[in-house]
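Written out below as structure tokens is the structure these notes cover.
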Amino acid sequence: MEPSPPPPPPQISHLLSQLGQFPVTPKPDPDGPITPIPAAAAPPPPPLMLALTPELCDALRQELAPSPDDDAYFASCLRQSQLYLDAVAARLRLPSSSSSAAPPPPLPPRQGGQEQPGAAGSSSSPASSTKKRARPAAEMVRVANLGPADHLHYRALVRRARLTFEALRGFYQREEPSAGARNRADLRASSFMLSAGRWLHREVRIVGHIPGVLVGDAFYYRAELCVVGLHLAPQAGIGYIPGSLTNEGHPVATSIVSSGGYLDDEDTGDVLVYTGSGGRQRNRLDHHADQTLERGNLALHNSYLYAVEVRVIRGHICGLTPNATGRKIYVYDGLYRVVSSTFGPGKSGHDVCKFKLVRLPGQDELGSKSWHTAKQLKDAMDARIRPPRYISLDLSKGAEHLRVPVCNKLDDDRSPLLFEYTVRPKFHVPPATGTGKRQRGCHCATGCGSKCRCQRKNAGGPVYGEDGTLVLGRPVVYECGASCGCPLTCVNRVTQRGMKHRLEVFRSHETGWGVRALDLIPPGAFVCEFSGDVVLMDDDSGKGLTEGRSIIDPKRFPKRWKEWGDASVDPRYNRGPQSAEFAGPGYLLDVSHKRNVACYISHSCTPNVFLQFVVHGNEDEQCPHLMVFAMETIPPMRELSIDYGIDG
DNA sequence: GATTTTTCAATGGA
DNA sequence: CTCCATTGAAAAAT
């Protein structure tokens, strides 16, 4: 048997000739090496249903000029698929009888010229009455040319959806500590959000980037990928638009999750060899049967033929997670194009579909690569090697638990080194009232439980979970303190143990100086404290001194803590008794001379960290610590941002 | 439309 | 700690 020719690159001529030809059951040479799918051996092509108008054909042909230049080539592929999808979208059937149960929410105000709504209902009433399973919509779109205003809008939507997901997940997890059966809080959270109409982009099938999701964004659960619309299949690796929704009747893949679950996978970052699905026992690595070119496999093959870009999400096992055993984390790595599709025996002997994907140029740095560079930086610093352009290996000069490197790759500014570093502000300690009085702290000898006096000052249950993450944002948090009987390892002293995740200060184009994470920071984790010189408000001598100084006013921070842990979308959730009114801090922080890392965190109105007031033991309530907590999963090399309450 | 099939999860116990 | 069986949910296919 003569060897089949390699598949021609999917250029336009090829595309045009292939549009109607889909080999459904290829029969490759059983004992040969992996053979390309023989297009010639395909069954008679189904009728070509995509309307190729003369204009469209001309437009496509003009793209023909094959260029050796990769960028031009990829750009041409992108334009091709754009043309194709536009043609398909234009001919798509309408969403079947307004399939969304809830009435479409009012469109948010939008500034940019931009045709795609796709906002999940903000005020949509939970469509609990309708039993009908709401199916995803049929309309297929690609969102392009997002203006800055649109980007902010979508980023805020994604942020809120993830906050809700995390709050619900935490709520469900705590709700039944050990109710016999398995507690899949993640599934319950996503399921509830679906029924409440809070999945994003439900009314549309998005090809390409999901607006509001950045390359490098990290997710702890597959269910979370569903909620934001990145990858709709809860378990399957290939997400696709079913053939019944494209007018040609062929499925098209939109996203894949690569978790290294197959023997034949290879991954060098920009190039990924992905194995199709099927032929495998669940949870098993090895194949026991041949795969077939159906469903997801067929969809991915069609993405190859049509040159449609595919979202790639990589699953990493991160042993470094604070909460114990080898969790997985899913990182959005951007858009890839399928450059080859083959079918043949894999390592286990059975036939497998293999797809080679190449990352499209012009995107933000590969998320997975950022993890790598962060690790290299950390290794170098552990070995006391100063990477180039690092002006300090430790801004705190040993004062912090972890070293805080400073990096400036832009100019010669070394100003962070000019400030004195203070790990925590020095508050005026109130004189012990009543000398005969006993210590005001708790007397818990080992661990502080629900009986602990300090814990009970926090109305509505424990402040921190087992893993040390903040359960719920509060007006103020009372931790145990110096006068308590418990050790520093007490569960109620999370912020006193210092930073747990490495940060670095860096010079940035946009914000002057900024702070970014070197470690993965889980949502709800303590990040660091704001520090500087304390200026009491009622201190007359201090008032005049604030002129011309860098002052942080703790009162100016918007109450972003309200967004954290708020699961009130679920009516069964009640946050318990509200703690008494908190007057708020009565001091200013002067960071003109002394400061710490936190002062370099930049501002955003879609922040990924927030401020939580924390009182340690019997400290003055007027002077709560300004503690920074993560609001979302922060991947390595991602800049931290907080809402300072300045208009932006 | 209802039911079955498919799926590179996640848990908690052994 | 690794293995594993069980439960689980949504979309596509039937």
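Lettering of chains follows the sequences in order, A, B, ..., and the numbering in each one begins at 1.
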Give me the one residue out of A/Lys375, A/Arg502, A/His501, A/Lys378 that meets side-chain hydrogen bond (donor to acceptor under 3.5 Å, both in side chains) with A/Asp519. A/Lys378
Using only atom types and a distance under 3.5 Å, with no angle test, would you say the side chain of A/Gln291 pairs donor to acceptor with the backbone of A/Cys353? yes
What's the closest nucleotide to the side chain of A/Pro234 if the choices are C/dG8, C/dA13, C/dA10? C/dA10
Whole-Å gap separating C1' (B/dT11) and CD (A/Gln235): 13 Å
Give one of base, sugar-phosphate or nothing for A/Asp186, where a contact means two heavy atoms less than 4.0 Å apart. sugar-phosphate
Would you classify A/Gly278 as touching base, sugar-phosphate or nothing, given that sugar-phosphate means primed atoms plus P, OP1 and OP2, and contacts are heavy atoms under 4.0 Å? sugar-phosphate
Does A/Thr275 put a side-chain nitrogen or oxygen below 4.0 Å from OP1 or OP2 of B/dC8? no
Rounding to a whole Å, what distance do you find between A/Glu224:CD and B/dA9:P? 15 Å
Expressed as a whole number of angstroms, how long is the span from A/Phe355:CZ to B/dC8:P? 12 Å
Check every strand shown and say whether A/Tyr240 touches a base, only sugar-phosphate, or nothing at a heavy-atom separation below 4.0 Å. sugar-phosphate
Ring geometry between A/Tyr221 and A/Phe165 (parallel below 30°, tilted from 30 to 60°, perpendicular above 60°): tilted
Tested for salt bridge (charged side-chain N to carboxylate O under 4.0 Å, His left out) against A/Glu563, the lone hit among A/Arg162, A/Arg160, A/Arg159 is A/Arg159
May I ask you to evaluate whether A/Arg222 reaches the phosphate of B/dA9, defined as a side-chain N or O under 4.0 Å from OP1 or OP2? yes
Between A/Leu225 (CG) and B/dA10 (P), how many Å, whole number? 9 Å
Report yes if a donor N or O on one partner sits less than 3.5 Å from an acceptor N or O on the other, where the partners are the side chain of A/Arg182 and the base of C/dT7; otherwise report no. no
Kindly say if A/Tyr330 contacts the phosphate of B/dC8, meaning a side-chain N or O under 4.0 Å from OP1 or OP2. no
Taking only N and O in the side chain of A/Tyr221, is any of them less than 4.0 Å away from OP1 or OP2 of B/dT11? yes
Reading DNA chain B 5' to 3', what string of ( ), [ ], | and . shows its pairs, if Watson-Crick and G-U wobble pairs count only when both distances fall under 3.5 Å? .||||||.||||||
Just N and O in the side chain of A/Lys328: are any of them under 4.0 Å from OP1 or OP2 of B/dA10? no
Does the side chain of A/Arg327 get closer than 4.0 angstrom to OP1 or OP2 of B/dT11 through an N or O atom? yes
Mutual orientation of the aromatic rings belonging to A/Tyr573 and A/Phe171 [parallel < 30°, tilted 30-60°, perpendicular > 60°]: perpendicular
Compare the minimum distances between each of B/dC8, C/dA9, C/dA12 and the side chain of A/Ser259, then state the nucleotide with the smallest one. B/dC8
Consider the side chain of A/Asp265, meaning its heavy atoms from C-beta on, and name the nucleotide among C/dA9, C/dA10, B/dC8 that approaches it most closely. B/dC8
Is any side-chain N or O of A/Tyr220 closer than 4.0 Å to OP1 or OP2 of B/dA9? no
Rounded to whole angstrom units, what separation is found between the CZ atom of A/Phe165 and the C1' atom of B/dA9? 12 Å
Could you state the CD-P distance from A/Glu294 to C/dA11, rounded to the nearest angstrom? 21 Å
For the OH atom of A/Tyr274 and the CZ atom of A/Phe355, what is their distance to the nearest 0.5 Å? 9.5 Å
Should A/Ser190 be listed as having a side-chain N or O under 4.0 Å from OP1 or OP2 of C/dA9? no
Could you tell me whether the side chains of A/His209 and A/Tyr332 share a donor-acceptor contact shorter than 3.5 Å? yes
Of the nucleotides C/dA11, B/dT11, C/dA10, which one has an atom closest to the side chain of A/Arg202? C/dA11
Between the side chains of A/Thr275 and A/Asp264, is a donor N or O closer than 3.5 angstrom to an acceptor N or O? no
In whole angstrom, give the distance that lies between atom CD1 of A/Ile317 and atom C1' of B/dA9. 12 Å
Would you tell me if any nitrogen or oxygen in the side chain of A/Arg169 comes within less than 4.0 Å of OP1 or OP2 on B/dA10? no
Whole Å only: how far is the OH atom of A/Tyr274 from the P atom of B/dC8? 7 Å
If I compare all heavy atoms of A/Pro636 with all of A/Ala374, which pair ends up nearest, and what's the gap? CB-CB, 3.6 Å
